[in-house]
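Counting starts at 1 for both ligands and their atoms, following the listed order. Remember, it's a predicted structure, so these values are computed and weren't measured experimentally.
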Amino acid sequence: MSTLHTHNRVAIQNIRKQFPALQQTVHGKPLVYLDNAATTQKPKAVLNAITNYYQHDNANVHRGIHTLASRATAALETSRVAVQRFIHATSAEEIVFTGGTTASINLVAAAYGQTQVHAGDEVIISHMEHHANIVPWQMLCQAKKAVLKVIPISEAGTLLLPALKKLLTPRTKIVAISYVSNTLGTINPLKEIIKQAHAQGAIVVVDGAQALPHLPINVQDLDCDFLAFSAHKAYGPTGVGALYGKKALLENMPPYQGGGEMVQEVTLAHTTYNDLPYKFEAGTPHIAGIIAWQEALNFITQVGYSNIMAHEDALHTYALELLSSIDRVRIVGTAPQKISILAFTIEGVHHLDAGMLLDAHGIAVRTGHSCTQPLMNFFHIEGVIRASFAIYNTQEEVEQLAAVVARLVQKN
Ligand code: PLP
């Protein structure tokens with residue numbers, strides 16, 4: 001594996017030192033954490049920001065005039081600007097804090113869908129979506145008597161793009177598509193999809209959950225209408241995420257949940273709603289998580305997406321080389337444009353047995369359908385073993401994974 005030079009090794013070791021959770025043993029073996037697509041580990045800066053908030057600034061936001069409330073509010077709003085800049089949104093009003101990707105997609109499906117989708121209209125998703133980008137649209141279509149259409153995929157795990165042209169009609173209101181597949185690792189040709197959808201007058205909702213950890217995102221360049229993403233998959237805290245939406249669309253949407261914070265004036269008979277983005281932020285948010293999210297974004301900026309991509313790509317290529325040379329291992333998802341997710345099956349070995357044996361060696365991987373059951377059905381499999389790599393993973397960890405898999409195959 002020539003791409004990982006000594007200099008890189010030192011840099012990666014320095015990065016690893018920032019992650020306390022990586023310094024532990026599991027079943028007596030050093031932890032090899034390869035379940036990053038489910039959630040990444042968190043650097044000290046993120047952990048410190050959470051502790052610091054609760055120790056010094058803990059107060060509710062936007063509600064008090066006392067010092068702690070002002071500090072907490074200022075820190076939360078600084079985070080909003082950090083998120084805005086990170087994804088190159090035009091204004092901080094376009095960033096709605098949510099509980100994560102799932103909450104963001106549900107927000108669009110409920111609020112945008114409520115007024116813009118009617119009986120006989122169409123919503124398009126793809127066959128490789130995470131359940132979070134399937135079920136909210138099924139619920140919307142069911143409620144509105146709208147039609148849910150699906151972009152088919154190839155055996156390699158790429159979208160069959162010519163099919164989209166045929167699926168799009170003047171009745172298509174929404175195309176909801178993942179930037180990157182959480183099971184296959186496929187990077188979808190978003191710009192082309194967005195261009196085609198807009199040409200038919202449909203808006204595009206992007207599930208960016210698996211893109212944020214690996215790829216720079218520019219919502220203006222993509223021209224997507226909504227982008228849903230989570231902090232925890234990109235070194236940030238769990239339970240926090242955002243919905244980016246074009247201002248004009250957010251302004252025209254009715255509120256999603258009612259409650260405190262999203263209102264301007266409430267009488268018992270009538271309520272007027274707050275401005276963007278607060279109209280969509282009912283209730284007390286995960287203040288500590290939102291504030292700490294900035295630190296995760298800083299971490300990515302400091303390391304740099306180009307370094308992240310180069311390192312993860314090298315690990316992925318190496319893992320692919322080692323695993324595909326093992327008898328009875330079948331790689332699931334072989335698209336030419338992929339991020340560092342490697343799903344595979346082992347003929348004659350159940351994925352759960354493989355997962356348990358790997359865990360016994362301190363190796364954490366995902367096993368099962370990875371919240372993509374329609375994809376499992378497509379490949380006629382029950383589940384996969386999924387190794388997903390982050391910036392802190394090493395060549396040795398890839399070798400350990402491959403060695404345990406090879407032993408497993410030999411014994412079964
Ligand atoms: N979409 C994709 C592609 C994902 O990988 C995930 C998480 O696994 C989600 C959506 C849901 O993210 P969250 O659980 O943070 O809401």
Problem - Nearest non-hydrogen partners of Ala354 and Ile385, listed with the distance - result: CB-CD1, 3.6 Å
Exercise for the section: Could you tell me whether Tyr53 and Trp293 have their ring centroids closer than 6.0 angstrom? Expected result: no
Exercise for the section: Would you tell me whether His351 and Glu382 have side-chain atoms, one donor and one acceptor, within less than 3.5 Å of each other? Expected result: no
Problem - Passing candidate, side-chain contact (heavy atoms from CB on, under 4.5 Å) with Ile12, options Asn307, Ile391, Val303, Leu315 - result: Ile391
Exercise for the section: For the residue pair Phe86 and Tyr305, categorise the inter-ring angle as parallel (less than 30°), tilted (30 to 60°) or perpendicular (more than 60°). Expected result: tilted
Under a 3.5 Å threshold, I'd like every N/O contact between ligand 1 and protein atoms, with atom names and distance.
from: ligand 1; atom 1: 1 (N); to: Asp207; atom 2: OD1; distance (Å): 3.2
from: ligand 1; atom 1: 1 (N); to: Asp207; atom 2: OD2; distance (Å): 2.5
from: ligand 1; atom 1: 5 (O); to: Gln210; atom 2: NE2; distance (Å): 2.7
from: ligand 1; atom 1: 8 (O); to: His130; atom 2: NE2; distance (Å): 3.1
from: ligand 1; atom 1: 8 (O); to: Lys233; atom 2: NZ; distance (Å): 2.6
from: ligand 1; atom 1: 15 (O); to: Ser230; atom 2: OG; distance (Å): 2.7
from: ligand 1; atom 1: 15 (O); to: His232; atom 2: NE2; distance (Å): 2.7
from: ligand 1; atom 1: 16 (O); to: Thr101; atom 2: N; distance (Å): 3.4
from: ligand 1; atom 1: 16 (O); to: Thr102; atom 2: N; distance (Å): 2.9
from: ligand 1; atom 1: 16 (O); to: Thr102; atom 2: OG1; distance (Å): 2.6

Exercise for the section: Verify whether one side chain among Glu397 and Tyr33 offers a donor that lies under 3.5 Å from an acceptor in the other. Expected result: no
